[in-house]
J.: 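Structure incoming, see below.
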Protein chains: 2
Amino acid sequence: MTTGEALKKTKRQLHDSGFKLTPQREATLLVLLENEKDHLSAEEIFFFVKQKSPEIGLATVYRTLEILSDLKIVDKVSFDDGVSRYDLRKDGAKHFHHHLLCLECGNIEEIDEDLLGNVEEIVEKRFHFAVKDHRLTFHGICQQCQRKHQES
Amino acid sequence: MTTGEALKKTKRQLHDSGFKLTPQREATLLVLLENEKDHLSAEEIFFFVKQKSPEIGLATVYRTLEILSDLKIVDKVSFDDGVSRYDLRKDGAKHFHHHLLCLECGNIEEIDEDLLGNVEEIVEKRFHFAVKDHRLTFHGICQQCQRKHQES
DNA sequence: GTAATTGCAAATTCTTTGCACGGTC
DNA sequence: GACCGTGCAAAGAATTTGCAATTAC
């Protein structure tokens, strides 16, 4: 799906839920689409959106992100560092992707592979818990930082 | 391991790292041990500690939790709700336990079972990422809340 | 036209920091 | 008596809210 298509689709979702399509919301969506691989905080999103729509306020970005979160268009995630980050949902992906958080450089990488297989079924059966979604993050050292160690 | 033993062991860890064993720190540890199954926020911990040591300040609780976190005695975890929670590490547990977060009542349950099996190895090999720890949380509906739906 | 949306500033919430005082070896 | 740890209050950071002005439909 191209950025244009994704944008159009999300616009329709917004519209269908009774929200107006303001330039501010479109700019925010564009920033999210253009930085799909990153895990931007609200401040960071604000910074990028400001370059497209300099008059925008931070509160509007927060409000837009809340709507997108409610509509399940983005996922609000936290990596235990006290800041909320916003992660665009992969369209059509069965599962929320996983993350690799490097404890040294702080970089967050996404992996799309489904590592959980039938684990959700096990949880459903054994704990009588109706699974809707999951969050899986590995903490460790990324390849780049491992190399730095070998050099020294 | 009994509470007493766990307390003694943690005391030694603190001591070995050059920290003093103040009554405030001991009270905080006790609260964590007595509520091992919960996922208390700093405020909640403060509330309980205050019942043991009414003169304690919230800042001290935060400072104690930071030390315990640095010493890997507790894990700081966030469930995407904007509050940090503190989770006592199971002594001797190979893996950080997993969580079941109910989207309706907000309750968080712990599960100790190792659901990830060889997944860490896969991540190591396929992504050249040296895994140190992980966080796995399932979002869904707990048994109690499921029952409420059936009744209505 | 009118109800939703916005920007701004103020308010809240969570957490950290500065500093003078108190306790310990 | 140097030093670590504490309580308190103030500062800081992240997020939310109130409100008058503006805008999309």
Side-chain angles (χ1 to χ4, degrees), chain A residues 7-8 10-31 39-71 74-87 106, chain B residues 10-11 13-29 31 39-71 74-87 106:
Chain A
L7 190 60
K8 213 177 278 181
T10 309
K11 277 183 172 182
R12 191 163 45 242
Q13 278 180 271
L14 274 175
H15 211 192
D16 291 350
S17 304
F19 293 107
K20 288 181 180 168
L21 305 173
T22 67
Q24 290 91 333
R25 285 176 185 166
E26 181 163 345
T28 305
L29 268 170
L30 255 173
V31 166
H39 300 79
L40 304 178
S41 65
E43 291 274 1
E44 288 165 341
I45 293 166
F46 176 57
F47 175 81
F48 286 124
V49 174
K50 231 175 154 45
Q51 297 177 0
K52 295 180 198 292
S53 318
E55 75 295 346
I56 203 174
L58 178 56
T60 300
V61 171
Y62 271 107
R63 284 187 279 231
T64 301
L65 290 170
E66 202 192 339
I67 292 172
L68 295 177
S69 211
D70 288 347
L71 295 182
V74 302
D75 284 299
K76 191 176 176 182
V77 288
S78 162
F79 294 98
D80 306 330
D81 63 346
V83 201
S84 290
R85 298 175 182 281
Y86 297 86
D87 208 346
Chain B
T10 310
K11 276 185 176 180
Q13 278 180 271
L14 274 175
H15 215 189
D16 290 350
S17 304
F19 294 107
K20 288 182 181 164
L21 307 173
T22 66
Q24 290 92 334
R25 285 176 186 167
E26 183 164 342
T28 305
L29 266 170
V31 166
H39 300 79
L40 304 178
S41 66
E43 292 274 1
E44 288 164 343
I45 293 166
F46 177 56
F47 175 81
F48 287 124
V49 175
K50 231 173 153 47
Q51 298 176 0
K52 296 180 198 293
S53 318
E55 74 296 345
I56 203 174
L58 178 56
T60 300
V61 171
Y62 271 107
R63 284 187 278 231
T64 301
L65 290 170
E66 202 193 338
I67 292 172
L68 295 177
S69 211
D70 287 348
L71 295 182
V74 302
D75 284 299
K76 192 177 176 183
V77 289
S78 162
F79 295 98
D80 305 331
D81 63 347
V83 203
S84 290
R85 298 175 182 280
Y86 298 86
D87 208 347

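Just so you know, these numbers use all the heavy atoms, side chains as well, and skip hydrogens, waters and symmetry mates. Within every chain, numbering begins at 1; the chains are lettered A, B, ... in the order of the sequence lines, protein sequences first and strands thereafter. Since this is a predicted model, take the numbers as computed values, not measurements.
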J.: Rounded to whole Å, how long is the line connecting atom CG of Asp81(A) with atom P of dT16(C)?
T.: 11 Å
J.: Tell me: CG of Leu58(B) to C1' of dT6(D), nearest whole Å?
T.: 13 Å
J.: Please state how far atom CD in Glu66(B) lies from atom P in dT15(C), giving the value in whole angstrom units.
T.: 12 Å
J.: Examine dT15(C): is either OP1 or OP2 under 4.0 Å from a nitrogen or oxygen in the side chain of Tyr62(B)? Give yes or no.
T.: yes
J.: Can you check side chain to side chain contact (heavy atoms under 4.5 Å, CB included) on Lys76(A) and Ser78(A), steps first, answer last?
T.: CA-CA 7 Å; Lys76(A) 191 176 176 182; Ser78(A) 162; over 6 Å; no
J.: Ser84(B) or Ile67(A): which one's nearest nucleotide on DNA chain C is closer to the 5' end?
T.: Ile67(A)
J.: For Arg63(A) and dA9(C), give me the distance from atom CZ to atom C1', rounded to whole Å.
T.: 12 Å
J.: Please report the interatomic distance CG(Leu7(A)) to CZ(Arg12(A)), rounded to the nearest 0.5 Å.
T.: 11.0 Å
J.: Once you round to the nearest 0.5 Å, how far does OH of Tyr62(B) lie from CD1 of Ile67(B)?
T.: 15.5 Å
J.: How do Arg85(B) and Lys20(B) order along DNA chain C: which one's closest nucleotide is nearer the 5' end?
T.: Arg85(B)
J.: Taking any heavy-atom pair under 4.0 Å as a contact, classify Glu55(A): base, sugar-phosphate, or nothing.
T.: sugar-phosphate
J.: Using atom CD1 of Ile56(A) as one end and atom C1' of dA21(D) as the other, report the distance to the nearest whole Å.
T.: 17 Å
J.: Quick one: CD1 on Ile56(B) to OG1 on Thr64(B), what's the gap to the nearest 0.5 Å?
T.: 6.0 Å
J.: Whole angstroms only, please: what is the CZ-P distance between Phe19(B) and dC25(C)?
T.: 17 Å
J.: So, does Thr22(B) get its side chain near the phosphate of dT6(D), meaning an N or O under 4.0 Å from OP1 or OP2?
T.: yes
J.: For a quick check of understanding: with a heavy-atom distance under 4.0 Å over all strands, which category does Arg25(B) fall into, base, sugar-phosphate or nothing?
T.: sugar-phosphate
J.: Considering just the side-chain nitrogens and oxygens of Thr60(B), establish if one lies under 4.0 Å of OP1 or OP2 belonging to dT6(D).
T.: no
J.: Could you check how far CG of Leu65(A) sits from C1' of dT5(C), rounded to whole Å?
T.: 15 Å
J.: In Å, rounded to the nearest 0.5 Å, how long is the span from NE2 of His15(A) to OG1 of Thr10(A)?
T.: 14.0 Å
J.: With a 4.0 Å cutoff (strictly under), does any side-chain N or O of Gln24(A) reach OP1 or OP2 of dT23(D)?
T.: no
J.: Tell me the interatomic distance from Ile45(A), atom CD1, to dA14(D), atom C1', rounded to whole angstroms.
T.: 14 Å
